[in-house]
Structure formats: structure tokens, C-alpha cells
Amino acid sequence: MSAVTQLGYLGLGVRDLGEWRNYAETTLGLQALDGDKGAMLLRMDDNHHRFALHEDTRDDILYSGWQVDTPAALEAIGTRLEAAGVTVTRGSTADLEQRHVRGLIRFEDPDGHQLEVFHGPELAASPMPTVKDGTSFVAGDQGLGHFVLATSDLARTMDFYTNFLGMKVSDFVFQGRLRLGFLHCNPRHHSIAFVEYPGAPKRANHFMLQLDNIDAVGRTWDSVQEGAAPVIVTLGRHSNDEMVSFYMRNPSGFGVEYGWGAREIDDSCWQVTEYNVGSWWGHKPARRPAAAPA
Ligand code: FE
């Protein structure tokens, strides 16, 4: 079955591009470039870009781009969707130029999240400058990282991504009323996950960037505690992907997970597990400053 091979890009609709540029470059260590129609592009590795930020009042993730290896795989996924009654649009020449890819189809998941499957991403003309004292992002063939969306029906959404995009289930976290499902398409433990949250005010819960050095995460944790961005949860280690990370609030109000040390999946021996905790330690909600005495 034709399957996507990596999370290639994310499109964000953000209210304040200027604030995002400063946050992305200074706190996250991404490289900002100017895109078409006022968009700001963010680069992290040898791909031309990995994020496209559009001025938009939604302050949310607007679309995700999933790579396939060949035009034939793109066609096979499009045909499978259409056979199931999903509306599929082929990318115009202008779409391909804007996304910097050679071929593209577009459709929606059951919650209305816009998905794009593409082949032939453009690579950058020059090597990526090092970020954060010579450390690099873990990206390349593993894609840009992962992101988490709210869904109204976890089982239906997991089925859609496995049946049509060829993704595989990594595991689940069921902690109290919290229900999360994780999916992979390469050795990265998950490229997308879903939290069951009908009527969520935003689709985006967070996106994750992985560094190849714990010190880059630790130094960024220091700068965030000193005020670079609001902390959502403290440093901790997740149960399922074993990543050491913390979460901060980005200028659009949803989360960015910044981490190191995730384990990878080998499909030849992977077994799906249900965890009843999301973290082995840490990841505690940020303490709010105490109210001033009256
Ligand atoms: Fe995460």
C-alpha cells in the first residue's frame, strides 16, 4: 500500500508575523525567509523550508504536508481517497510554486483539517547554518518533527490516517479522561498524534522540534524560564516516545514542545502499547505567579 514517508511541512495561520519571526529565530533556532504573498517561511534542515506562516487571525495550524516518494504513490493515494468518496483537489502550478514541491493533492480529514500529500520537495541552495551552539535539528528523513491535533472522534480519525495515508499506529495514552493516539510513518516515534477533544477552540495542541543535543534543550529551557516564552509544562520525560522535553506557548497561543532523546520505531518488532500515564517524570503544569496580597 502506498504510504506517506514523512511530515514535510506545516502551514500556520498567525496573527503577528513579526513576533513569530523573533520567536522562531531567537528561541527556536529556526531560520526565517520571505515567501510568496507575504508569507514567512522557516527553515530547519536541507529542505527549502519546513514551516509556512501566513497572516491569519485563526492563530492555528491550517494545513500539513505529507511526503511520498514517487508521483505514482501520490496518484495511488488520490485514487484511494476518491474511491471512498473523499473530495481530492490536484495542486495548480501556482500551488506547486508556493509549496516548493513537484506534485500535490489536497483533501480534508474527518475533522476538516487540510491535508496535502506531495512529492519532490525543493532542497535549499545552501547548507543550513548551525543553530544553538552547533547543534542541529533531528529532521531530514524523519520529517520536521510531530504535531498534535484535537479530534472529535479518536477512532475514526486514526482509521482515516492509517487507511488513506498508510500510517501505522505507534501507541495510545489513556490517562483519566485524556485519550491520545499516536501514528508514525518512519522511525520517528510519531509524526502526528490526536487528542480527543470535541469542540476544541483550536485544532492545534502543539508541534514538536527535536534537537540532537540535550544541552540545546537545557539552555533553551533556561532562557524560557527567564522569560523568552511562557512555560506550559516543565521539563520531563514522556512514557511512550521517551523524549525529554518541555512545552512553551508560542505567539499564537498553542504549544511548542522542544525536546531531545526520543526512541525510534523498528516496524519489524514494534508492538502497540496502551499507557496510562503520559510522562515518567516532570511535565508538570507551569506554576502561575502567586497573586499579590491585597
Ligand atoms: Fe509531543
Problem - Heavy atoms from other residues, nucleotides or ligands near CZ of Arg102 exceed 12 (cutoff 6.0 Å) - result: no

Problem - Side-chain heavy-atom pair Val4, Cys185 within 4.5 angstrom cut-off - result: yes

Handout entry: Close side-chain approach of Asp222 and Gln225, heavy atoms under 4.5 Å
Key = yes

Handout entry: Ring centres under 6.0 angstrom apart (His206, His146)
Key = yes

Problem - More than 12 heavy atoms from other groups under 6.0 Å of CZ on Arg58 - result: no

Handout entry: Neighbour count >12 (heavy atoms, 6.0 Å) for atom CG, Asp16
Key = yes

Practice task
With the side chain counted from C-beta on, respond yes when Val217 and Val244 share a heavy-atom pair under 4.5 Å apart, and no when they do not.
Solution key: no

Exercise for the section: Check the side chains of Asp111 and Thr151 for a donor-acceptor pair under 3.5 angstrom, ignoring hydrogens and angles. Expected result: yes

Handout entry: Heavy-atom side-chain proximity of Thr220 to Leu211 below 4.5 angstrom
Key = no

Problem - Which residues share a side-chain contact (heavy atoms from CB on, under 4.5 Å) with Pro230, sequence neighbours left out - result: Arg249

Practice task
With the side chain counted from C-beta on, respond yes when Val231 and Trp221 share a heavy-atom pair under 4.5 Å apart, and no when they do not.
Solution key: yes

Practice task
Measure the acute angle between the ring planes of Phe194 and Tyr161, then classify it against the limits of 30° and 60° as parallel, tilted or perpendicular.
Solution key: tilted

Practice task
Check whether any side-chain heavy atom of Arg50 sits under 4.5 Å from a side-chain heavy atom of Arg43, and report yes or no.
Solution key: no

Handout entry: Side-chain donor-acceptor pair present, Ser245, Trp260, cut-off under 3.5 Å
Key = no

Handout entry: Tyr258/Tyr247 aromatic ring centres below 6.0 Å
Key = no

Problem - Heavy-atom check, side chain of Gln142 versus side chain of Phe137, under 4.5 Å - result: no

Problem - Check: Val68 and Ser2 side chains under 4.5 Å, non-hydrogen atoms - result: no

Exercise for the section: Look at atom NZ of Lys202 and say whether more than 12 heavy atoms of other residues, nucleotides or ligands are closer to it than 6.0 Å. Expected result: yes

Practice task
Return yes if some donor-acceptor pair links the side-chain N/O of Gln175 with the main-chain N/O of Gly278 below 3.5 Å, else return no.
Solution key: yes

Practice task
Begin with the C-alpha distance, continue with both residues' side-chain angles, and end with the deciding distance and a verdict on side-chain hydrogen bond (donor to acceptor under 3.5 Å, both in side chains) for Trp281 and Ser279.
Solution key: CA-CA 5 Å; Trp281 55 266; Ser279 304; over 6 Å; no

Handout entry: Close aromatic pair by centroid cut-off 6.0 Å: His184 and His189
Key = no

Practice task
May I ask you to check whether Tyr9 and Glu116 show a side-chain donor-acceptor distance below 3.5 Å?
Solution key: yes

Practice task
Verify side chain to side chain contact (heavy atoms under 4.5 Å, CB included) between Leu183 and Val169, making sure each step is shown before the conclusion.
Solution key: CA-CA 5 Å; Leu183 293 167; Val169 177; 4.0 Å; yes

Exercise for the section: Report, as yes or no, whether the 6.0 Å neighbourhood of atom CD on Glu242 holds more than 12 heavy atoms from other residues, nucleotides or ligands. Expected result: yes

Handout entry: Same apolar cluster (I L V M F W Y, side chains within < 4.5 Å links), Met40/Leu62
Key = no

Practice task
In sequence, state the C-alpha distance, the side-chain angles, and the governing distance for Phe51 and Phe207, and then conclude on ring pair (Phe, Tyr, Trp, His ring centres under 6.0 Å).
Solution key: CA-CA 11 Å; Phe51 291 85; Phe207 65 79; 4.9 Å; yes

Problem - Asn276 (side chain) donor-acceptor with Phe174 (main chain) under 3.5 angstrom - result: no

